[in-house]
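First comes the structure, then the notes that go with it.
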Amino acid sequence: SGNQVPLDVLINKVRVKKDLASQIGQQLEADSTELLKLLNDNNFLKEYNLDKENALTLFLANTYEFYWNTSAKEFVERMKKEYDRYWTDERKRKAEKIGLTPTEVIILASIVEKETSVDREKPLVAGVYINRLQKGMLLQADPTLIYAAQDFGITRVLNSHKKIDSPYNTYKYKGLPPGPICLPETSTIEAVLNHKDHDYLFFCANADMSGTHVFAK
């Protein structure tokens, strides 16, 4: 009869487009190769005002209900509806107040996501990067160097990594990178939209090894 029971499809811990395609390919009939092809097709992505660098910003980490026989294209179309539902007028206003588009908010959130795992610190870290952007400073975000190197096993960023010639090297190029360095949690996107207003421009790991940071003007 064609009756189906919806499946819970989880999207999380995505670093690159290949990760997303693999996750979806394991949970739905959608072919991972076909999905990856769509995410690298600028002509297709133009319909969503995206390109292959920032395509991941369309997808919000969460659990969604899907029918198993969803195709790759149907998956993208559904995620666009979820994206539009998330980006309410109020959230768009908050992004505009910061001087960022929704896509740029998600790119910044991806950096904050990789800078700290302490939720209460995320609005502070976001505030630092927004201050740097507004002053025209280099972001100098270590997680972007790891992404530029495409070596996610790096545990210590070295000066040699700062020499990588990549638009994701925020020690070398001003402004935000062209795309996200991971798929951030929605709570981190909220931390950017509701960042703390402060005068801090710098932060470094706390000496007590707690995973927290100290901030400075």
Side-chain angles (χ1 to χ4, degrees), residues 12-17 19-20 51-57 59-61 94-95 97-207 209-217:
N12 74 342
K13 293 183 171 54
V14 170
R15 291 300 300 254
V16 292
K17 288 176 281 189
D19 296 340
L20 177 67
D51 58 43
K52 63 183 182 179
E53 289 293 344
N54 60 25
L56 269 188
T57 61
F59 306 92
L60 300 170
K94 286 180 178 179
K97 194 176 173 187
I98 305 168
L100 301 176
T101 65
T103 297
E104 289 169 334
V105 167
I106 293 173
I107 292 171
L108 180 52
S110 75
I111 296 172
V112 174
E113 180 88 16
K114 290 300 171 188
E115 280 288 13
T116 180
S117 56
V118 181
D119 284 343
R120 70 176 185 277
E121 276 197 346
K122 288 177 180 178
L124 278 167
V125 172
V128 169
Y129 285 128
I130 288 165
N131 287 346
R132 288 184 187 177
L133 283 170
Q134 291 175 346
K135 286 180 180 289
M137 293 171 66
L138 288 163
L139 286 186
Q140 295 188 328
D142 287 1
T144 65
L145 297 183
I146 293 171
Y147 186 90
Q150 287 290 291
D151 179 358
F152 302 122
I154 293 171
T155 55
R156 188 178 181 86
V157 173
L158 307 173
N159 283 329
S160 58
H161 295 125
K162 296 177 188 175
K163 295 173 184 171
I164 297 169
D165 191 15
S166 163
Y168 287 87
N169 181 348
T170 57
Y171 278 83
K172 206 174 176 74
Y173 295 101
K174 268 188 186 178
L176 290 164
I181 61 167
C182 71
L183 208 149
E185 299 290 330
T186 49
S187 60
T188 312
I189 299 171
E190 292 297 321
V192 172
L193 292 173
N194 302 288
H195 67 281
K196 285 269 169 58
D197 282 323
H198 53 59
D199 297 328
Y200 298 138
L201 290 171
F202 306 97
F203 61 97
C204 67
N206 207 319
M209 306 298 283
S210 63
T212 59
H213 295 80
V214 286
F215 295 80
K217 296 176 185 179

message: Apply side-chain contact (heavy atoms from CB on, under 4.5 Å) to residues V16 and Q150 and explain how you reach the verdict.
response: CA-CA 9 Å; V16 292; Q150 287 290 291; 4.0 Å; yes
- request: Consider only side-chain N and O atoms of E53 and Y168, and report whether a donor and an acceptor are under 3.5 Å apart.
  value: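 On atom types as modelled, these side chains qualify, holding a pair under 3.5 Å.
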Are any non-hydrogen side-chain atoms of [X] and [Y] less than 4.5 angstrom apart?
X: I106; Y: P184; value: yes
X: P167; Y: P177; value: no
X: N131; Y: M137; value: no
X: V214; Y: C204; value: yes
X: L201; Y: K135; value: yes
X: L124; Y: T116; value: no

message: Apply side-chain contact (heavy atoms from CB on, under 4.5 Å) to residues I111 and L139 and explain how you reach the verdict.
response: CA-CA 10 Å; I111 296 172; L139 286 186; 4.2 Å; yes
Measuring from atom [atom1] of [X] to atom [atom2] of [Y], what distance do you get when rounded to the nearest 0.5 angstrom?
X: N194; Y: I189; atom1: CG; atom2: CD1; answer: 11.5 Å
X: K163; Y: L158; atom1: NZ; atom2: CG; answer: 10.5 Å
X: T101; Y: N54; atom1: OG1; atom2: CG; answer: 8.5 Å

Would you find a donor on one side and an acceptor on the other, under 3.5 Å apart, between the side chain of [X] and the backbone of [Y]?
X: K172; Y: I164; result: no
X: E113; Y: L183; result: no
X: D119; Y: K122; result: no
X: N206; Y: G211; result: no
X: K17; Y: K52; result: yes
X: D19; Y: K13; result: no
X: H161; Y: A149; result: no
X: E115; Y: V125; result: no

Stepwise side-chain contact (heavy atoms from CB on, under 4.5 Å) check, N169 with L145: CA-CA 5 Å; N169 181 348; L145 297 183; 3.0 Å; yes
What pair of heavy atoms forms the shortest contact from [X] to [Y], and how long is it?
X: V105; Y: A95; result: CG2-CB, 3.7 Å
X: E121; Y: F215; result: OE2-CE1, 4.1 Å
X: E185; Y: A61; result: OE1-CB, 4.3 Å
X: E104; Y: G99; result: OE1-O, 4.1 Å
X: S210; Y: T212; result: OG-OG1, 2.6 Å
X: G127; Y: H198; result: C-CE1, 3.4 Å

task: Inspect the surroundings of OH in Y200 and state if more than 12 heavy atoms from other residues, nucleotides or ligands are less than 6.0 Å away.
output: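 Open: at most 12 neighbouring heavy atoms sit under 6.0 Å from OH of Y200.
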task: Return the orientation label for the Y147 and F152 ring planes: parallel under 30°, perpendicular over 60°, tilted otherwise.
output: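 Plane angle between 30° and 60°, so tilted.
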task: Mind running side-chain contact (heavy atoms from CB on, under 4.5 Å) on I107 and T57 for me, showing each step along the way?
output: CA-CA 7 Å; I107 292 171; T57 61; 4.1 Å; yes
